[in-house]
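The structure appears right after this line, and notes come after that.
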Amino acid sequence: ILRGSVARPHLKPYMASLQLDGQHVCGGFLIAEQWVLSAAHCAEETDGKLFQVLLGAHSLTEPEPHKRLYQVRAQFPHPGSNIHNNKDDLLLLQLEEKAELNADVRVLPFQREDRDVAADTVCEVAGWGTIDHSGTRPDKLHQVERPVISRDVCNHRTRHDGTVTRNMMCTDSRRKDTCKGDSGGPLVCGGVAEGVVTAGSRVCGNYKKPAIYTRIAPYAAWIDGVMASADG
Ligand SMILES: O=C(O)c1[nH]c2ccc(F)cc2c1NC(=O)[C@H]1C[C@@H]1c1ccccc1
């Protein structure tokens with residue numbers, strides 16, 4: 001998160017850190033007791049290894065009361081996701097067991113109504129991604145508020161030039177922005193997850209390149225289908 005602030009500890013109890021060998025790779029969030037939603041690109045270089053999912057955390061390193069690392073039983077990248085673009089950039093992770101819910105570990109509801117969030121709506125996004133242009137990696141969760149910008153503005157020739165589909169949305173990236181490592185986290189508007197930070201490589205903090213999110217509502221049926229069909 002660029003030019004945001006340290007989040008109030010454990011006030012975003014749905015936040016997940018997707019880790020490999022103890023290293024944060026991407027964000028994610030709890031959508032059900034045994035399920036985390038993130039971005040498919042994040043699993044591109046895992047060489048077939050499964051993530052581990054850290055829940056209940058504020059600091060990535062310090063001991064905290066409800067912090068716990070969960071094994072992943074299975075990972076389900078959206079079948080339409082691919083390395084060439086940001087389409088269908090969603091990843092469902094089934095935890096090895098149901099997460100123990102408490103004050104620091106909670107499910108975040110996601111939007112099921114497929115209607116664009118109005119431009120200028122101020123939403124919030126959080127993550128353990130880079131916090132400056134030197135690529136500094138924070139230990140604590142950061143957050144930032146960002147206004148939604150219209151798809152037409154986001155698709156302008158000088159911005160994302162028509163690559164933002166109806167299944168995506170954008171927020172203003174002037175100065176304050178998401179950045180590497182924040183991908184997979186939720187864009188929360190009015191207490192509901194409306195989008196997932198896309199994990200394609202993107203310059204951060206440049207107003208010419210707004211942040212892009214995968215809208216969740218268009219994928220509600222896919223999400224429900226995977227959760228229903230997987231065992232347990
Ligand atoms: O964050 C992303 O957009 C993104 N997209 C990817 C695609 C493949 C892939 F193998 C990884 C990623 C990845 N995450 C990262 O590189 C994470 C490792 C870097 C990081 C930044 C800040 C703090 C901690 C760690």
Side-chain angles (χ1 to χ4, degrees), residues 1-7 12 14-29 36-55 57-62 67 69 72 75-93 124-144 146 154 160 163-164 167-171 173 175-188 193 195-206 208-216:
I1 300 284
L2 282 189
R3 294 194 184 89
S5 57
V6 176
K12 296 173 189 324
Y14 46 80
M15 283 304 296
S17 164
L18 271 53
Q19 309 201 339
L20 281 180
D21 306 322
Q23 294 298 310
H24 172 85
V25 173
C26 275
F29 62 107
V36 167
L37 185 61
S38 183
H41 280 303
C42 294
E44 266 167 19
E45 295 161 24
T46 55
D47 190 26
K49 280 185 280 184
L50 293 174
F51 283 113
Q52 293 180 310
V53 172
L54 183 66
L55 295 176
H58 177 58
S59 160
L60 290 175
T61 59
E62 292 160 19
K67 196 170 152 180
L69 193 64
V72 166
Q75 289 175 184
F76 303 84
H78 190 284
S81 62
N82 62 78
I83 58 169
H84 305 293
N85 57 46
N86 282 326
K87 284 194 177 131
D88 303 332
D89 189 15
L90 293 178
L91 176 70
L92 273 169
L93 301 99
E124 62 172 17
V125 58
W128 288 276
T130 46
I131 56 173
D132 61 31
H133 285 291
S134 323
T136 305
R137 300 182 174 195
D139 175 57
K140 294 185 172 54
L141 185 68
H142 283 240
Q143 67 179 47
V144 74
R146 297 316 295 141
C154 199
H160 288 300
T163 62
V164 176
N167 290 345
M168 302 170 192
M169 64 186 288
C170 301
T171 57
S173 51
R175 292 169 54 77
K176 300 180 173 189
D177 196 5
T178 58
C179 206
K180 208 131 190 70
D182 292 322
S183 302
L187 179 70
V188 183
V196 174
V197 182
T198 53
S201 61
R202 179 186 70 89
V203 64
C204 318
N206 178 338
K208 286 283 190 184
K209 295 299 173 197
I212 304 173
Y213 307 78
T214 304
R215 293 181 58 241
I216 302 171

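Just so you know, ligand 1 is whichever comes first in the structure, and atom 1 is the first atom listed for that ligand.
For S173, the side-chain contact (heavy atoms from CB on, under 4.5 Å) partners are D177, R202, P210, not counting sequence neighbours. Evaluation of the side-chain contact (heavy atoms from CB on, under 4.5 Å) rule for Q23 yields no partner, not counting sequence neighbours. For K208, the side-chain hydrogen bond (donor to acceptor under 3.5 Å, both in side chains) test picks out no residue, with sequence neighbours left out.
Here the side chains of N86 and T214 are not in contact, with every heavy-atom distance at 4.5 Å or above.
For K176, the NZ atom counts as loosely surrounded, since its 6.0 Å shell holds 12 or fewer non-hydrogen atoms of other residues, nucleotides or ligands.
In the model, D89 has no side-chain atom that pairs as donor or acceptor with a side-chain atom of T198 under 3.5 Å.
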Output, or 'none' if empty, a list of ligand 1-protein atom pairs in which both atoms are N or O and the distance is under 3.5 Å, rounded to 0.1 Å.
residue	atom	partner	partner atom	Å
ligand 1	1 (O)	G181	N	2.6
ligand 1	1 (O)	S183	OG	3.2
ligand 1	3 (O)	S183	OG	2.5
ligand 1	3 (O)	A199	O	3.4
ligand 1	5 (N)	A199	O	2.9
ligand 1	14 (N)	V25	O	2.9

